[in-house]
Protein chains: 2
Amino acid sequence: MPGNTSRPAKVTLNDVATLAGVDRSVVSRVVNGDPKLSVRPETRRRVQETIDKLGYRPNAAARSLRTARAYMYGLFIPDFANPVYAEIIKGAERAAGQLGYGLMTASSGGVRIRLAHYLDLLGQGRADGLLFAGEESGHELEQLRSSKVPWVLVNRRSPGSHRYVILDDERGSLLAVDHLVSLGHRRIAHIAGPESADTARRRRAGYLSAMQGAGLSVDLRHIAHADYTPAGGAAAMEHLLSMPEPPTAVFVANVASAVGVLHAAHAGGLSVPRDLSVIAVHDMPLAGHLVPALTTVRMPLEELGRRALELLASRPPEEDITEVVTDPAEVVVRESTAPPPA
Amino acid sequence: MPGNTSRPAKVTLNDVATLAGVDRSVVSRVVNGDPKLSVRPETRRRVQETIDKLGYRPNAAARSLRTARAYMYGLFIPDFANPVYAEIIKGAERAAGQLGYGLMTASSGGVRIRLAHYLDLLGQGRADGLLFAGEESGHELEQLRSSKVPWVLVNRRSPGSHRYVILDDERGSLLAVDHLVSLGHRRIAHIAGPESADTARRRRAGYLSAMQGAGLSVDLRHIAHADYTPAGGAAAMEHLLSMPEPPTAVFVANVASAVGVLHAAHAGGLSVPRDLSVIAVHDMPLAGHLVPALTTVRMPLEELGRRALELLASRPPEEDITEVVTDPAEVVVRESTAPPPA
DNA sequence: CTGAAAGCGCTTACAG
DNA sequence: CTGAAAGCGCTTACAG
């Protein structure tokens with residue numbers, strides 16, 4: 001066959017065994033570091049040298065077929081455009097890599113057909129487990145349950161599911177509200193996420209209990225719901241500004257919405273933070289460069305991704321996983337919060 | 001074995017064949033839609049029914065081992081936090097799905113060890129091809145070349161490489177500059193991307209030729225380089241503002257930098273667009289909600305991802321691919337551009 | 001029109 | 001301490 005000078009032919013276990021003068025099984029055991037293999041140091045060295053010389057790489061398909069494991073995990077996120085997931089992905093990729101596994105990240109993207117497509121791939125044994133981040137419909141969760149792949153929800157719980165890893169969103173809310181209270185605010189509104197979102201419900205609950213803890217009453221009209229997008233945040237802010245006694249500070253459930261909040265405040269003629277303080281959950285590079293730079297609560301997103309993958313890998317699929325990742329969480333003070341107008 | 005009532009045992013080709021009363025090979029051909037298979041309609045129907053009844057899914061590992069194909073492509077991006085890649089990923093995922101393939105997206109993340117890890121996975125035959133988006137070091141490209149996997153660069157070219165799909169960045173720059181010129185600007189600065197980035201060089205070239213085409217001279221000190229981050233954009237803007245005769249408009253090479261540009265202009269006491277107009281390359285939801293809402297040039301990012309994957313899948317690995325995705329590209333006018341101060 | 005058979009590249013219990 | 005052998009679940013040229 002011409003042309004195979006530049007493209008090296010595939011090297012198999014057999015090739016290594018032949019050249020090293022041992023059986024395939026020995027090579028296999030050396031490659032996999034089988035502790036039960038007792039072999040002369042010299043033989044082991046010769047095998048290793050031959051592996052290096054030929055550039056042998058075990059064939060993943062053959063290995064998977066034999067061991068019934070894919071050495072691959074999957075991670076679904078709703079939307080790559082949401083920067084919150086970048087950190088989660090990073091943590092999960094790191095954890096998978098440390099276990100010698102790959103991570104296949106894909107977006108379910110609200111497009112049901114794509115999720116079905118990937119679940120189909122998974123049904124073919126291409127992944128040994130699945131992380132499922134973000135808010136999806138019950139229908140999709142149903143598909144997930146009916147698949148045979150072990151899975152863990154990330155950053156969300158779901159009714160009747162006992163396999164999830166979440167952040168301590170209540171504590172995040174507490175940090176945010178306390179920051180505003182310490183600046184002297186009393187009329188503190190909350191722009192929450194969608195009511196269907198578990199994270200939104202927990203942040204909302206944290207807001208309510210933090211307000212109560214500070215001895216402040218909550219005007220329920222000061223709680224506006226928005227989806228986790230700039231457009232949603234803008235609409236919610238406009239609504240709050242139209243109220244007879246508008247708040248002096250807003251605690252926003254996420255940074256994407258906060259972008260819209262800042263825009264709407266500006267469009268409404270308010271100066272942030274002079275007329276209105278704004279703080280949001282999740283820190284990211286973008287936040288520090290908004291106009292004005294946004295004060296945030298930094299949450300351990302990367303740690304969340306790492307932990308979720310580790311638990312997926314280490315716990316049996318029928319066992320409950322109900323873990324809350326707490327540290328580190330802290331307020332990052334920038335330009336968008338200040339004492340209320342006198 | 002207890003407990004296998006809830007978890008269905010794995011169904012194989014053999015199970016289907018036995019139950020349907022045909023040979024494995026017939027089932028295989030039905031599953032794969034082999035056009036050379038001539039079988040009685042009734043037999044085909046019976047096989048299909050049995051497949052459905054048992055919920056048979058072909059085992060990917062066995063299939064890959066036999067056919068030496070993984071039915072999977074890989075996509076590397078430098079950083080999930082950069083929203084530019086979200087659209088590219090979307091396009092590539094769609095295209096892969098339509099071919100019946102999966103897409104494994106991973107970040108090389110500047111962390112060399114992670115790229116090495118994934119190239120290792122690929123070396124095991126886990127992907128049939130690789131898309132490589134964004135700017136990486138020559139070292140990483142070297143690794144890529146030495147791997148046996150077909151690859152295509154996305155949104156970048158590289159010296160000596162003839163397999164890439166890029167956008168018409170020169171045209172994007174032309175649209176941006178023309179928009180500013182039509183508003184009456186003459187002192188138009190450019191905040192370019194890093195000199196090492198191919199996209200940055202093409203946008204810079206487009207800026208220069210558009211300025212020339214408009215009969216405007218370019219003060220080379222009006223070209224500032226920044227990396228594609230808010231912090232970089234802010235620093236570059238501060239530099240431009242310190243000049244004796246600052247520009248009345250800035251064409252920024254990407255939206256992430258533009259976030260920092262708006263921040264720096266605001267911090268410097270300038271009102272956008274009254275004192276300074278700003279336009280940036282690539283449109284995304286965020287842009288419409290910055291303060292002020294950012295005028296952009298929308299580029300066909302999703303189409304770029306789709307096209308790259310299609311070409312990766314359809315062209316032989318030794319063949320050159322040098323495609324420029326052009327349409328659609330358009331200026332999205334928002335609040336950040338206006339005529340220059342009188 | 002349908003079936004028998006070889007073989008893809010591994011791993012692993014077992015034999016010696 | 002090392003090797004022979006079976007088999008994971010498929011696909012495909014070939015025989016009938």
Side-chain angles (χ1 to χ4, degrees), chain A residues 8-48 50-51 54-72 100 121 123-126 128 148, chain B residues 8-48 50-51 54-72 100 121 123-126 128 148:
Chain A
K10 193 155 45 176
V11 178
T12 74
L13 207 56
N14 238 333
D15 300 331
V16 176
T18 306
L19 195 60
V22 297
D23 188 81
R24 299 208 307 276
S25 50
V26 176
V27 181
S28 173
R29 285 166 178 129
V30 168
V31 167
N32 296 307
D34 183 350
K36 281 179 296 187
L37 171 69
S38 50
V39 70
R40 265 186 304 215
E42 186 224 308
T43 308
R44 185 186 291 274
R45 204 175 41 75
R46 200 171 68 239
V47 169
Q48 192 55 57
T50 311
I51 288 171
L54 296 181
Y56 168 69
R57 309 265 74 229
N59 178 292
R63 206 165 173 228
S64 291
L65 177 58
R66 184 57 230 239
T67 62
R69 267 187 293 165
Y71 303 95
M72 176 80 75
L121 289 175
Q124 301 172 189
R126 282 159 170 271
D128 300 315
K148 282 154 290 183
Chain B
K10 193 156 45 177
V11 179
T12 73
L13 207 56
N14 239 333
D15 301 329
V16 177
T18 306
L19 193 62
V22 297
D23 188 83
R24 299 209 307 274
S25 50
V26 175
V27 181
S28 173
R29 284 167 178 128
V30 168
V31 167
N32 295 307
D34 183 349
K36 282 179 292 186
L37 171 69
S38 49
V39 70
R40 267 185 304 215
E42 188 225 307
T43 308
R44 185 185 292 272
R45 206 175 38 75
R46 200 173 65 239
V47 169
Q48 192 56 58
T50 311
I51 287 171
L54 296 181
Y56 169 69
R57 309 265 74 230
N59 177 292
R63 208 166 172 227
S64 290
L65 178 58
R66 184 57 230 235
T67 62
R69 267 185 294 163
Y71 303 94
M72 176 79 76
L121 289 175
Q124 301 171 190
R126 284 162 168 266
D128 300 314
K148 283 154 288 183

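As a basis for the values below, the full set of heavy atoms in this structure was taken, side chains included, without hydrogen atoms, waters or symmetry mates.
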- Query: Which is true for Arg24(B) with a 4.0 Å heavy-atom rule: it touches a base, it touches only sugar-phosphate, or it touches nothing?
  - Reply: base

- Do you know the tightest heavy-atom contact between Tyr56(A) and Val31(A)? CE2-CG2, 4.0 Å

- Message: I need the residues from residues 26-36 of chain B with at least one non-hydrogen atom less than 4.0 Å from DNA chain C; give them sorted by number, or say none.
- Response: Val26(B), Arg29(B)

- Item | Most 5' of Gly21(A) and Asn14(B) on DNA chain D, judged by nearest nucleotide | Gly21(A)

- Item | Minimal non-hydrogen separation, Arg126(B) against Met72(A), with atom names | NH1-CE, 3.0 Å

- Query: Is there side-chain contact between Val11(A) and Val16(A), with at least one heavy-atom pair below 4.5 Å?
  - Reply: yes

- Task: Select base, sugar-phosphate, or nothing to describe what Ser25(A) touches, counting heavy atoms under 4.0 Å on all strands.
- Result: base

- Considering non-hydrogen atoms only, spot the tightest contact between Val30(B) and Gln48(B) and give its length. CG1-OE1, 4.0 Å

- Item | Non-hydrogen side-chain atoms of Arg63(A) and Asn32(A) separated by less than 4.5 Å | yes

- Is a side-chain donor or acceptor of Asp23(A) paired with a backbone partner of Ser25(A) at a separation under 3.5 angstrom? yes

- Compare all side-chain heavy atoms of Arg46(B) with those of Val22(B) and state whether any distance is below 4.5 angstrom. yes

- Query: Do you know the tightest heavy-atom contact between Ala70(B) and Gly125(B)?
  - Reply: CB-O, 3.3 Å

- With distance as the sole test, does Ser28(A) use its side chain to make a donor-acceptor pair with the main-chain N or O of Arg24(A) at under 3.5 Å? no

- Message: Between Gln124(A) and Tyr71(B), is there a side-chain heavy-atom distance shorter than 4.5 Å?
- Response: no

- Query: Roughly how far, to the nearest 0.5 Å, is the CG atom of Leu13(B) from the CG atom of Leu54(B)?
  - Reply: 11.5 Å

- Message: Any base atoms under 4.0 Å from Thr43(A), or only sugar-phosphate, or nothing? Heavy atoms, all strands.
- Response: sugar-phosphate

- Query: Is Arg57(B) touching bases, backbone alone, or none of the nucleic acid, heavy atoms closer than 4.0 Å?
  - Reply: sugar-phosphate

- Message: Stem list for DNA chain D, please, built from Watson-Crick and G-U wobble pairs under 3.5 Å and keeping only runs of at least 3.
- Response: C:1-3 with D:14-16, C:5-12 with D:5-12, C:14-16 with D:1-3

- Which nucleotide of DNA chain D is the first, and which the last, in the 5' to 3' direction, to come under 4.0 Å of a heavy atom belonging to chain B? dG9(D) to dC14(D)

